Structure formats: C-alpha cells, structure tokens
Amino acid sequence: MKKRGIVIAETEELTIGYASRRRSIRVMEHLSVSAGSGELVALIGRNGAGKSTLLRTLVSLQSAVGGKIRLHGRDLHSIGSTMLPRIVSFTSTEPVAERNISVRNAVSLGRFPYTNWIGTMTNADREAVDHALEDTGMLTLAGRRLDSISDGERQRTLIARSLAQDTELLVMDEPTAFLDLPSRYGIVSLLRKLTREKGKCVIYSTHDLDTALNEADRIWLMDGECIIEGAPEDLILSGTIARAFESPLLSFSSKEGTFSFVRGRRKGIALEGDAPALSLTEKALGRCGYAVDQQASVRVKVQTGPEGWRWTLAEGSETRSFSTLYELMVHLPEE
Amino acid sequence: MREWLPSLKLSLAMTGLFLVTLLLFCADILFGGTPLEAGDVVRALFGEGSPESEIIVMEFRLPRALTAVIAGAALSVSGLLMQTLFRNPLAGPDVLGISSGAGLGVALTVLTLSPLFAIAADSPLQGWGMILAAWAGAGMVMVIIMAVSSRMRDIMTVLIVGLMLASAISAVVSLLQYFSNETMLRTYVIWTMGNLGNISWQQLRALSIAALAGMILAFVMVKPLNAMLMGETFSRTVGVRMRSTRLMLLAAASILAGSVTAFCGPLAFIGVAVPHMARLLFRTTDHRALMPGTALFGAAILLVSDLISTAPGGGQIIPVNTVTSLIGIPVVLWIILGKNATGGRR
C-alpha cells in the first residue's frame, strides 16, 4: 500500500457555475475541499446540487466563476492543455459515439496525450493498455465490441481507458449509474483497489449512498449551499448525512448508517422466535403497520422445524400456522 | 497473436481492395460506349494507336476513369468525416443537403455568371470559379447543419433539416432556371444527372488538386477523429481543441464534396453508403485504416457505376447518378432498418 494523504487536488473558495458575458449563474460558492493520493473520494448530494458542474470544473471542461483549483499544487490555469491530460482523466456520463469500437481500441484512446500526430502506439503504449485491461479484468474481453458487452463491462472499459491515460487523478461522473447491485459493488471495489494498489486518487460522484458510505475514504457532500467533507463516519456522527438526505418519508439510522422508510402510527404486535427469521419477520410486520410490543394481544411466533420455517399467529384463543411470511401477512388482523 | 492477426487481416483486405480497384480501373479504360479492341486501347495509351482510338482513349476514357477514382474517393471520405463529426451514421454529402449547397453554387455560376457551360470548360479561371462557388455553397449548408446538430441530439431531426435545406435550395435553383435561357438550362439539367465524362484535362487537374488538398486536410485529422469516436467530452479532456477541429473537418468535407459536385454533378448515396461498406470489409473503427480503405472502396464503387452506366453501348448512357443511387440506397436502408443505426437509440 502506498502512502496516503499527499494532496492531489484541492479547491480554495471555489465558485462554480456558468459565466457568460452578460451574467453569471452561480451554482455554489465557497467550496474548499481536497483529495489526496490513495484516496477514494465520493461526491454525493441531491439531484441538481451541482455535482457534475463541480467535477467538470475540476477537469477544466468549464471554467470556475471564482476561486482557485490546484492540482499537484499547481494552479489549474497555469497547466497547459497538453499537460493537463497527463495529470487528470475524466469519465463522463456521455454515451460513447461509436458503439462498434472494440474494447482494446477504446482503451487505446486513453493513450491519446502520449502518442504522435497520427496516434501510433509504441511498445510502452501497448504495455500501458494491456496493464489497464488487466487491472480492470477486461483483458479477456479486449477483442469484443462495446455494444456486445454488459453495462458493467462497458463502465470497466471506460475505467481502463482512464487508467491507460496514466494520470494520478481520476475523476468520474456517476460511474455506477444504471448498473445492477453486483456491478455497482464491482465498480466501487475496483476503484478502491486502484487507490490502494496504485496510489491513485479517485473522485467519483454517485447517488449510491450505501456503497459510498461503506467504501469511500472521504465524502464530499454537497448540501444546498455548501460542501462538507470528511470520512463517512465523521459525517454520520455529526448528523450531516441525516440532515442532507432525511425527508418526511426517509429516516437515517446513525447506528447502522442506513436509510429506512418512515412508518406511520403503528399497532403493537408481540414477536418471538429464532434468528435470522426473527428480524426479517419484524421487517415484514413493519411494512404492514406493526411495531413489536411484547405486551400486545396479537402474537406471532417463528420457529424452525423439519419442514423449514413456520409462523404461528395467535389472536385471543384463535391460533393459525403458516409456512411463508407472505401467508402470515395476508392473514394479519385488519385495522 | 491477438495483436498481429487483425492487422494482418487488415493489410490483406487493403491489398485485395487495391488490386480490385486497379482491375476496375483497367476495365473502365478497356470498355466504353464505343467498342475498341484491347490492343488498340493499349496502343492508344502509348500514343501509337489510330487517331480515332487515341481520341477516344486519351480524351474520353482515361480522364473519365481518373475522374471516377478521384470523385469516388473524395465523396466517400467526405461522408466518413461527416459521419464521425455529426455522430450520425446517416450523414453524407447528399443526405444532409451539402451536395445541394454545392449545386446552388454551380447553378449560380452556370445559370447567371457564365453564359455557356462550354466556355467554362475552356477557361481554367471558370473551372476554379465553379469549384470555389461549390465550396462556398457546400460550406454554407455544412455550417447550418453543424449549428442544428449542436442543438439537436436526435439524428433524425438533423436529417429532416438537411432534406428541408435541399428542398429550399432546389426551389431557389428553380427560380434561377426561370430567368435563364434554354441552352443554359439544358447544361444545368445534364449536370444534375451526374456525369464523369464531361471533364477536360484542365478541369481534371483542378479537381485533382482540390481533392488532394481535401484528402491531406482529412488525413491530418485522423487522431482527433479517432478520439471523437468516444464522444466530445472525452475528446476535450484528452486535449482535442474541438472548435478548430470541427472547423478543419467542415472545411475538408466541404472541399471534397464541393469539388466533386462542381464537376461531376450530384452523385447520390456514394458518400453515405461507402464508409459503411468499408467498415464492414475492414472491421475496424480506426480512421487510420478506415480513411484509406474508404477512399479505395469509393473509387472502386464509382468505377463499377461508370462501367454499368456505359454498359448499354452504342452511345447510350445510363446517368451515373441513377446507378449510384441503385447501389447506395439498399445500403442506406440497411443502416436505417438494421441494428447498425447505433445513434438512434441513445
């Protein structure tokens, strides 16, 4: 593991937005955050908070309205347009224009800043491409076309392309969007691996709070007027996460670090039985408007037997038994 | 093995296509409207044939075959540039109204400026005048299309705008025709049928120089073109200057399509269809291979079209424009209906 903490990217009193000759629209002001080598930084925030704008400003796709950005301690303005692509790579949500391109060719384009006027690949370039393909697990699919692989594999290809560009800072706009759960975890754990094993600094935006809070070293949280940074747990402890994302329908558990639906007024139900069915039963009962209360008149008992799990519902003298939770829920007493 | 196998296949395909094009070129000189013995043709090429055969070969067939090669290559490369530039598999000089724009330039010079087409053929100044007018017309339409496609991501919208432009231009040309005399009108109508054979050596020289300039301009841009396959944002973040790159590509495509259209008339569907045929044959998206491949394929297709158009013999000629349409339209339909229409589902 390489040492962590050399500052790779930092902003100072940055104002992001769109400036034209007549007027400027400020999306957010006074942004002062930083990211270090070997760090996985997750940028989170509600829709429209300005995540993409911040990332695009960081990689100089749009200019800052005010303030400073420093990459490797150098002011972004002082880095020339031939040097910048060797310092930072960017993966956007823009669809690939030519879906017939092969994985290897797409990754090879990451070598763009290093090749000559016609794009001739030297041995060193080819080696970099091979390494990038290998690190992302795409080597066996290198000959496939982009429209013949899965969404997750396509995202891996784009990450490989970023790796081939050989920059210490990798900026990615929503690399896990539109991916299923295993692919999402796959991508984030790949990004994590890159920070740990290669010492890369990865800044990525995401709506996937779960993985971000579990895997990121640092969170940049865009919250209406300001940006707050810190380790995920710091932000949970200070209540920042809860404030930013809680709504009348959603509550955040600081203990678990997870979100759940807010349930309305609930009836009591007594519950006993064996794990792990016990907690799952509690969850299912919660959805039906019941909260566990051992003093309640309605009682549910869950036990495991020779035929699997069984649930017994007791209400007064009446007792019924079910083999699935679904049946139990259907037969719960109405209000 | 994975590394060299595709490149070996690529060189094989390229060599094969080159040989086929060479064969077609020879065939185009050997066969024509007037039947000539092969021996006579060869003797005429070396200046030892009969005066009659020498005129047929040196003044008609050779410039005609050379024009087919240059026009086919130039139009196809122009189409390739536009398809990558507009991220649109259906882009092409004729589909987007670029040829119409060039035609407007030509119509203005033929119908209003020069009293007779014949004079244009004799004067090199007129030749270049027509080329410049065609470039201006093509460039004008190209800039409009560029402006539209930067606002409208939907490729079908852009195509419809192209069609509208073409209709508007043909309306303007109709107006021009109303004010011109019968000879000029006939010259113009013949021009619209597409003709590879109406070219003097002098005009051929102008066409070659213009096409070569366009080709060089296009080939200098292969690296940014390849980056653009991944999208505009990516291109910008690896250091492509999009504004100047777009301008260069627009200029190259206008020069290529405009010059050909000026001298040969609109040759429909070559520009849009041939790049797809080349992609299919070479199985690559890399412009370093695709561009020469497309140029060769375009030359071959136009040579075939020319052979077909002179096939009836006895002075009868099918307009080349008709032949190229019959070859190109199935390919375009295949793109629209087939899964190759990658841009439509974004």
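Bear in mind the structure is a predicted one, so any value in this text is a computation, not a measurement. Side chains included, hydrogens not; waters and symmetry mates left out as well; all remaining heavy atoms used.
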Next on the checklist: Consider side chain to side chain contact (heavy atoms under 4.5 Å, CB included). Of B:Ile255, B:Leu81, B:Ile145, B:Leu85, which one does B:Leu250 pass it with?
Outcome noted: B:Leu85
Item to check | No-hydrogen, no-angle side-chain donor-acceptor test under 3.5 Å, A:Gln155 and A:Arg184 | outcome: no
Checklist entry - How about A:Asn105 and A:Ser108: does a side-chain donor come under 3.5 Å of a side-chain acceptor? => result no
Item to check | Proximal component of B:Arg241, with respect to chain A [non-hydrogen, under 4.5 Å] | outcome: side chain
Item to check | A:Lys68 side chain to A:Thr11 side chain, donor-acceptor N/O pair below 3.5 angstrom | outcome: no
Item to check | Residues B:Asn226 and B:Asp286: side-chain donor-acceptor under 3.5 angstrom | outcome: yes
Checklist entry - Using non-hydrogen atoms only, which part of B:Met228 is less than 4.5 Å away from chain A: side chain, backbone, both, or neither? => result backbone
Next on the checklist: Is it the case that the side chain of A:Arg156 and the backbone of A:Asp151 share a donor-acceptor pair, with hydrogens and angles ignored and the cut-off at 3.5 Å?
Outcome noted: no
Next on the checklist: Please classify the contact of B:Val238 with chain A as side chain, backbone, both or neither, using a heavy-atom distance under 4.5 Å.
Outcome noted: both
Next on the checklist: Let's test your reading of the structure: which of B:Thr233, B:Val240, B:Val222 forms the most heavy-atom pairs below 4.5 Å with chain A?
Outcome noted: B:Thr233
Item to check | Close approach to chain B in residues 76-92 of chain A, criterion heavy atom under 4.5 Å | outcome: A:Ser81, A:Pro85, A:Phe90, A:Ser92
Checklist entry - Does the side chain of B:Thr285 come under 3.5 Å of the side chain of A:Asn100 through a donor N or O and an acceptor N or O? => result no
Checklist outcome for this item: Correct closest heavy-atom pair for A:Gln62 and A:Thr53 would be NE2-CG2, 3.3 Å
